[in-house]
Amino acid sequence: MFEQEITFDRVARWMIAALGVTAAVWLINRLSSVLLPFFVAWILSYMIYPFVIFLENKCRLRYRILSITAALLVVLAIVVLAAYLIVPPIIEESIRMAGLITIYFHDTFASSNIFHDVRDMLQSYATDDSLMKVIQHSSVIDVAKNLVLQAWDFLSGTINFAIGILGSLVVLLYLFFILMDYEKISEGWIKLLPAGKRDFTSMVVEDVKNGMNAYFRGQSLIALLVGILFSIGFLIIDFPMAIGLGLFIGVLNLIPYLQLVGFIPTVILAFVKAADTGQSFWIILLFALAVFAIVQLIQDVILTPRIMGHVMGINPAIILLSLSVWGSLLGIIGLIIALPLTTLLLSYYRRFILHDTDEINTILKKKES
């Protein structure tokens with residue numbers, strides 16, 4: 001195998017490249033607050049762009065500005081409608097749960113001697129001379145300092161709120177201008193690289209983009225279905241905050257197996273329901289665990305193999321093995337990148353190790369189209 005000779009010129013280039021990467025990382029970190037709105041807008045534009053193209057081509061909105069405006073209005077309407085359908089039941093259930101918790105703790109304190117002990121302690125402390133000494137030693141300066149701190153907290157909170165609104169407007173402006181010239185931006189970055197590196201870099205980026213697109217489409221669909229299944233299951237067993245808790249667990253499911261975190265609020269709500277209805281806490285928790293087990297079984301046996309196997313083109317057994325291996329090696333990050341990375345490795349294995357002509361022809365057809 002041919003080995004390149006190590007020369008002073010080559011070492012100097014490596015050092016310059018390392019310094020360049022270090023400087024770039026430092027600069028990005030230094031300008032993170034400024035770059036964050038742009039990256040958020042880029043992610044949003046990446047998600048909305050297909051809908052903009054659909055409106056432009058299928059709905060005959062010839063002007064890009066009209067298709068962008070229509071897409072943003074439709075997305076805003078969907079968000080408002082979802083909030084209108086989801087938020088009021090969640091608020092109603094939250095108020096109900098807050099009342100139950102208040103009643104429970106009130107009854108708990110009233111039925112025990114804790115409340116009487118605290119009241120007696122405060123009364124004895126109030127009649128003691130130590131309280132008067134504390135009041136006498138507190139100066140006007142301390143009181144004024146506390147007032148100034150409270151005023152500053154209020155002012156800083158108002159300023160942060162205004163900055164948040166301004167940041168949202170900046171993101172909206174970035175989003176609008178990125179969508180206006182999305183094709184030029186997404187295709188023009190490759191020209192910043194040396195000519196000899198463009199083909200390979202473009203191929204890698206295209207493979208990663210296709211893998212991530214397929215993964216997030218499939219995982220988002222699974223998360224939606226899991227959230228619906230949890231909501232239905234919790235409604236069947238008459239569990240508190242059924243819809244809100246089910247959708248919350250569905251959102252957690254965007255990262256595989258993170259829905260287990262939803263077990264914590266489930267235990268709390270089971271405890272509150274037991275205090276409200278007088279039922280056995282363990283029976284309520286057992287029904288909730290049954291919902292978790294059934295939904296997890298449906299997800300692992302039906303949803304993940306079929307949906308992810310279809311969009312990623314991987315055998316269901318390989319999907320489960322991939323999640324186990326990468327999750328064990330890299331934790332939560334491994335679960336997120338498991339399927340895209342496995343797809344990428346299999347693609348490059350077939351392309352460069354097995355020299356699969358079908359794989360190469362598929363890549364060439366994608367580039368031509």
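Along the sequence shown, residues carry numbers from 1.
Rounded to the nearest 0.5 Å, atoms OG (S67) and CZ (F54) are 12.0 Å apart. Atom CD of residue Q296 and atom OG1 of residue T304 lie 8.0 Å apart, to the nearest 0.5 angstrom. To the nearest 0.5 Å, atoms CG (L19) and CH2 (W14) are separated by 14.5 Å. Distance CD1/I243 to CG/L245: 11.0 Å, rounded to 0.5 Å. For the atom pair CD1 of I237 and CD1 of I283, the computed distance is 12.5 Å after rounding to the nearest 0.5 Å. Atom CG of L72 and atom CZ of F176 lie 8.0 Å apart (nearest 0.5 Å).
Across every non-hydrogen atom of A71 and I48, the tightest pair is CB-CG2, 4.1 Å. A pairwise comparison of heavy atoms in S45 and I178 identifies OG-CG2, 3.4 Å as the closest pair. Across all their heavy atoms, D238 and K273 have their closest contact at O-NZ, 2.7 Å. Looking at every heavy atom in both residues, F248 comes nearest to G262 through CE2-CA, 4.4 Å. Between Q299 and V226 the shortest heavy-atom distance is OE1-CG2, 3.7 Å. Minimum heavy-atom separation, G246 to S231: CA-OG, 3.5 Å.
The aromatic ring centres of Y182 and Y46 sit 6.0 Å or more apart.
The hydrophobic cluster containing L224 does not contain L229, counting ILVMFWY residues as joined when their side-chain heavy atoms lie under 4.5 angstrom apart, directly or transitively. In this structure, I302 is not a member of the same hydrophobic cluster as I228, with clusters built from ILVMFWY side-chain heavy atoms closer than 4.5 Å. Both F177 and Y63 are members of a single hydrophobic cluster when ILVMFWY side chains are connected at heavy-atom separations under 4.5 Å. A single hydrophobic cluster is seen to contain both F287 and I298, as judged by linkage of ILVMFWY side chains at heavy-atom distances under 4.5 Å, directly or through other members. Linking ILVMFWY residues whenever their side-chain heavy atoms come closer than 4.5 Å, directly or via other members, places L172 and L179 in the same cluster.
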Give the intermediate values and the outcome of side-chain contact (heavy atoms from CB on, under 4.5 Å) for residues F281 and V267.
CA-CA 9 Å; F281 165 76; V267 173; 4.1 Å; yes

Yes or no on side-chain contact (heavy atoms from CB on, under 4.5 Å) for F292 and I249, after CA distance, side-chain angles and deciding distance?
CA-CA 10 Å; F292 269 87; I249 297 175; 3.6 Å; yes

Run the numbers on L247 and V251 for side-chain contact (heavy atoms from CB on, under 4.5 Å), then give the verdict.
CA-CA 6 Å; L247 295 179; V251 171; 5.6 Å; no

Please walk me through it: do F239 and T266 pass side-chain contact (heavy atoms from CB on, under 4.5 Å)?
CA-CA 9 Å; F239 201 76; T266 302; 3.7 Å; yes

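Other residues, nucleotides and ligands contribute over 12 non-hydrogen atoms within 6.0 Å of the CG atom of L235. Within a 6.0 Å sphere centred on CG of L66, other residues, nucleotides and ligands contribute more than 12 heavy atoms.
For residues 64-74, every residue pair satisfying the salt bridge (charged side-chain N to carboxylate O under 4.0 Å, His left out) rule, not counting sequence neighbours, is listed here: E56-R64, R64-E183.
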